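A note on names: the letters A, B, ... follow the listed sequences, proteins ahead of strands, and every chain is numbered from 1. Just so it is clear, the structure is predicted and the values come from calculations on it, not from any experiment.
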There are 2 protein chains.
Amino acid sequence: MQTDSALARELRHHYLFCALTDAQQARLLATATARRLAAGEPLFSHGDAAAQFFLLRSGCVKLYRLSPEGDEKVMRLIRPAQTFAESILFMDAPRYPVSGEAVEAAELVAFDRGTFLGILQESFATCQAVMAQMTRRIQAHWDEIETLALQNSRYRVVHYLLGLVPSDARGRFTVTLPTRKVVIAAHVAVTPETLSRTLRSLTDEGLIEVAGDEVTVSDVDRLRRHMH
Amino acid sequence: MQTDSALARELRHHYLFCALTDAQQARLLATATARRLAAGEPLFSHGDAAAQFFLLRSGCVKLYRLSPEGDEKVMRLIRPAQTFAESILFMDAPRYPVSGEAVEAAELVAFDRGTFLGILQESFATCQAVMAQMTRRIQAHWDEIETLALQNSRYRVVHYLLGLVPSDARGRFTVTLPTRKVVIAAHVAVTPETLSRTLRSLTDEGLIEVAGDEVTVSDVDRLRRHMH
DNA sequence: CGCCGCCCTTGACGGCCATCAAGGCGCACA
DNA sequence: TGTGCGCCTTGATGGCCGTCAAGGGCGGCG
């Protein structure tokens, strides 16, 4: 991968890479590759042998699984500056545990597993960063499992909307849905029809206003309390 | 904690601790404490400040969350020789992300967070073991999220039963449910009534036979195929 | 031995949400 | 400007599964 000082700077600000020495960063980039994906283009499939993990620089990628019947569950929506698929680093026989596909044109960097493992061995600080990151991921999973198991679809939609609102926001606040509603529906584990109906009923109750992919929460605190 | 050669031997066979030197193991045990819990006794609550993680030596512990309405979801059932709550190691402000409670009388060892972090710093092999363990946990979470989002209750029950069957088992095979059915129901995210009805319909179809907490799968491969 | 309590089972009922179907709207393209 | 195609919305219907209620089995304890 050719040198790219903008990328080097991005890495310096990323929790996973900020503890690397210049030499380590250079080694990592020497075995990294840049990738561009068109909207809808697949990156890897569930079960594929894996030797790389990724940093998204622009665009949007979904990680998802399909049921045998073809129903899709979006496990995670990746936004720029996020890394994903790090967990293939520590598998004995590394295989992607989900499928990945661009939902809009995307630029990303693919890092080499072996190179990064070698760097980890030299850098406890980076080890810690990786483990902290995996811990956050696990926490998010607990939350999602709880939400899926204990809450209904209306709650999940509200929870998702509130997740788009900064935690310090108050009063009226407008968020932009990160992608098409059909993808969001697959993310909160409902059908597009149910998502549409839920947004309508929230609108009818005066809790939100919807205009295309812009959703305005009339009163953030009220919506937070509303999660009944 | 007083020296306990049986425990020391157990640790030598545990993936998390087998790479420790004798001196490291001694340091770890010097700050560890033994705990005994009666059936139903709580160990920690969701949100508690956390300075220890645990190894279960005997009995059974459930990790769970409660919804505001009081509904319970069992996130994990811990069996002897398993560790849990390791993820508090890497949090900035460590708090247990779930509640833990003995479902039957249990003996466990509580390890000190700070001591273990110090040892990690010296031992990349143990770091790797921890990361590999977290990776397995994350995989299990993907599977559970997929199952909750895309599959119905019947599938989840069958999936749970098959999870109790060794992967190399064929033909007729009998498993023992690890705990009361009401806990298992909270684990597969159904009500006890639905679990009961599902087991009945599987029985009526000749797929399993139920006798108390013993479930005999008539034909393991047939049941595996059956998860349509 | 008899009583009680807990766990599990079974039945009746209802609500949530998926499915099927149709129609509106915006956008690309001719 | 007309046409076609996605995406989203809205309506009608039905099934899964949760809720409520009652009853049976079993172990603990007096």
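Enclosure of atom CZ in A/Arg36 is not indicated, since only 12 or fewer non-hydrogen atoms of other residues, nucleotides or ligands lie within 6.0 angstrom.
Between the CD atom of A/Gln151 and the P atom of C/dC17 there is a distance of 11 Å, given to the nearest Å. Distance CD1 (A/Ile184) to P (D/dT9): 11 Å, rounded to an integer number of Å. The separation between B/Asp213 atom CG and C/dC7 atom P is 14 Å, rounded to whole Å. When the C1' atom of C/dA18 is taken as reference, atom NZ of A/Lys73 falls 17 Å away, rounded to whole Å. Whole-Å rounding puts the B/Leu195 CG to C/dC7 P distance at 14 Å. Rounded to whole Å, atom C1' of D/dC17 lies 18 Å from atom CZ of B/Arg200. Here the P atom of nucleotide C/dC16 and the CZ atom of A/Arg154 are 11 Å apart, to the nearest Å. Rounded to a whole Å, the CG atom of B/Leu148 is 12 Å from the P atom of D/dG18.
Closest approach to the A/Ser196 side chain among D/dT10, D/dG18, C/dT9 is made by D/dT10 (side chain taken as heavy atoms from C-beta onward). For A/Lys181, the side-chain atoms get nearest to D/dT9 when compared with the rest of C/dC17, D/dT9, D/dG18. Among the nucleotides D/dT10, C/dC17, D/dC7, the one closest to any side-chain atom of A/Arg180 is D/dC7. For B/Asn152, whose side chain is taken as the heavy atoms from C-beta onward, the closest listed nucleotide among C/dA18, D/dC16, C/dC8 is D/dC16.
B/Arg197 comes within contact range of at least one nucleobase, with a heavy-atom separation under 4.0 Å.
Along DNA chain C, the nucleotide closest to A/Glu193 and the one closest to B/Val183 are compared, and the more 5′ of them pairs with B/Val183.
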- Item | Test salt bridge (charged side-chain N to carboxylate O under 4.0 Å, His left out) applied to B/Arg172 and B/Glu209, step by step | CA-CA 10 Å; B/Arg172 193 177 182 78; B/Glu209 295 151 41; 2.9 Å; yes

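Between the side chains of A/Arg154 and A/Ser201, at least one donor-acceptor pair of N or O atoms lies under 3.5 Å. Side-chain contact annotation: B/Arg136 with B/Gln139, donor-acceptor N/O pair under 3.5 Å absent.
When the side-chain nitrogen and oxygen atoms of A/Thr194 are compared with OP1 and OP2 of C/dC17, none of them lie within a distance under 4.0 Å. Between A/Thr191 and C/dA18 there is a side-chain polar atom (N or O) within less than 4.0 angstrom of OP1 or OP2. A close approach under 4.0 Å does occur between a side-chain nitrogen or oxygen of A/Ser153 and OP1 or OP2 of C/dC17.
Between B/Arg225 and B/Asp221 there is no salt bridge, since none of the side-chain N atoms of the basic residue sits less than 4.0 Å from a carboxylate O of the acidic one.
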